[in-house]
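Along the sequence shown, residues are numbered consecutively beginning with 1.
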Amino acid sequence: MARLGAGDFHDRWEQSRQVADLGDAALDDLLAMLQDSECDWEARWFAARALGEFDRPEVIAALVNTFATTTDEDLRQAMAAALTQIGPGAIAALGEQLAQPALRPVAVQALARIHHPATIPWLKLAMTDGRSPVRATALDALSAFADPTLLPVVQQSLGDSAAAVRAAAVRGLLGLRLCLPTQQLIDALTPLLRDTDERVAQQAAYALGRLSSAAAATPLLQLLQTPGTPEALQVFTVQALSWQNTPTALDGLIQAWDQLEPPAQLAVVQGMAAVAPAHRSQATSALANWLQQTTAENSTLRRHLVLALGQMGDPRLERELRSLLHDPDPGVQLHAEAALRQLQTQSV
């Protein structure tokens with residue numbers, strides 16, 4: 001305990017790992033150190049860390065009191081971490097700190113890390129805060145419970161003025177996908193594909209990609225066909241359709257090829273590796289056609305097209321791949337060699 005209170009950082013680190021083994025013998029000294037405002041800051045930080053091992057009412061009270069009264073944000077974070085470590089026993093005490101706006105952001109972060117149903121009422125209360133980071137943190141924590149009764153909170157947050165909260169609401173809907181009809185999810189997510197914040201639109205595309213149905217592919221394909229869709233969003237949308245791995249998604253990606261920016265075309269090619277065996281013939285034809293159409297200037301795309309053809313496992317491609325061993329682009333030659341090796345491996 002003496003070294004914890006006055007040693008160097010290394011000493012304190014080592015002693016804090018052992019002090020919990022002292023049990024009640026160390027408790028009074030740790031509490032005194034924590035609550036002594038004249039004590040060295042680092043010692044109080046290590047005392048809080050050690051007290052996180054004690055699920056005791058007096059410990060929770062001391063941590064909460066210090067949490068509420070200190071003006072040092074780093075020390076407050078240490079109190080929150082200790083209360084989080086204590087877990088369910090500290091939920092009510094942390095929740096009561098939400099009444100103080102200045103303490104609410106850190107209190108919500110601590111509650112969010114305690115995955116326990118008792119945090120739900122407190123987290124719902126935090127959703128009324130005027131600060132978007134507080135609302136987003138609370139909503140992400142609520143969404144982890146996948147509780148259908150939280151649907152109204154999630155739905156209301158889809159129209160939040162803050163992009164971070166709308167993105168959290170999209171993640172919340174995805175967490176509820178096993179509890180809700182697929183069409184209801186699609187109807188809620190589709191408008192967000194054209195959100196003013198591209199990160200929200202990307203989240204919506206990701207969520208729709210996790211719904212393997214033709215109905216979920218339709219809004220994604222419409223987005224790809226919309227002129228002016230940002231390049232990064234095109235890539236997210238292509239990846240989402242590739243995850244669906246359905247005939248509708250594959251047909252749509254092939255049809256949209258000419259409208260895609262090069263990074264999105266590359267994402268299409270990379271996604272072909274996961275195509276279902278029943279659709280490999282269609283994918284192989286598309287890849288071969290694109291390879292013929294792609295000019296030498298787009299070397300990266302040509303190399304990936306060659307490699308993807310090798311992944312299709314079609315022995316009829318061997319002649320075409322061998323012809324590429326003499327391609328003017330050395331990178332294409334190397335990828336053709338790799339594709340041939342992969343083709344031979346799959347045929348064994």
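Within the 4.5 Å cutoff, the side chain of L139 has no heavy atoms near those of the R171 side chain. Using a 4.5 Å heavy-atom threshold, the side chains of L30 and Q35 count as separate. Contact annotation: the side chain of M272 approaches that of W290 to within less than 4.5 Å [non-hydrogen atoms, C-beta and beyond]. For the pair T237 and L221, the minimum side-chain heavy-atom distance is 4.5 Å or more. Between V235 and L266, every side-chain heavy-atom pair lies at or beyond the 4.5 Å cut-off. Residues P101 and R104 are in side-chain contact: their nearest non-hydrogen atoms beyond the backbone lie under 4.5 Å apart. Counting heavy atoms from C-beta outward, L98 and W122 have side chains that approach closer than 4.5 Å. For the pair R302/D327, a side-chain contact is recorded, criterion being any heavy-atom separation below 4.5 Å from C-beta on.
No more than 12 heavy atoms of other residues, nucleotides or ligands lie within 6.0 Å of CZ in R199, so this atom counts as exposed by the packing criterion. Counting non-hydrogen atoms of other residues, nucleotides and ligands closer than 6.0 Å to CD of Q183 gives a total above 12.
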Before giving the answer on salt bridge (charged side-chain N to carboxylate O under 4.0 Å, His left out), spell out for D329 and R303 the whole-Å C-alpha distance, their side-chain angles and the decisive distance to 0.1 Å. CA-CA 9 Å; D329 186 336; R303 295 175 188 184; 3.2 Å; yes

Run the side chain to side chain contact (heavy atoms under 4.5 Å, CB included) test on L150 and S143 for me, step by step, so that the C-alpha distance in whole Å, both residues' side-chain angles and the decisive distance to 0.1 Å come before the verdict. CA-CA 8 Å; L150 297 172; S143 299; over 6 Å; no

Starting from the C-alpha separation in whole Å, work towards a yes-or-no answer on salt bridge (charged side-chain N to carboxylate O under 4.0 Å, His left out) for D197 and R166. CA-CA 9 Å; D197 188 286; R166 297 197 300 277; 5.4 Å; no

Might you work through the side-chain hydrogen bond (donor to acceptor under 3.5 Å, both in side chains) test for E261 and Q265, ending with a clear yes or no? CA-CA 6 Å; E261 298 292 334; Q265 290 181 332; over 6 Å; no

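Rounding to the nearest 0.5 angstrom, the gap separating the CG atom in L189 from the CD atom in Q184 is 10.5 Å. Distance check, rounded to the nearest 0.5 Å: OG of S37 to CZ of R44 gives 6.0 Å. One finds the CD1 atom of I186 at 9.0 Å from the CG atom of L220 (value rounded to the nearest 0.5 Å). Going from atom CG of L241 over to atom OG1 of T248 covers 10.0 Å, rounded to the nearest 0.5 Å. Q333 contributes atom CD, which lies 7.5 Å from atom CG of L325 (distance to the nearest 0.5 angstrom).
Using a cutoff of 4.0 Å between basic side-chain nitrogens and carboxylate oxygens, R135 and D129 are not scored as salt-bridged.
By the 30° and 60° cut-offs, the orientation of the rings of W243 relative to Y206 is perpendicular.
Looking only at atom types and distance, the side chain of R194 has a donor-acceptor partner in the side chain of T226 under 3.5 Å away. There is no side-chain donor-acceptor pair under 3.5 Å between T70 and D72.
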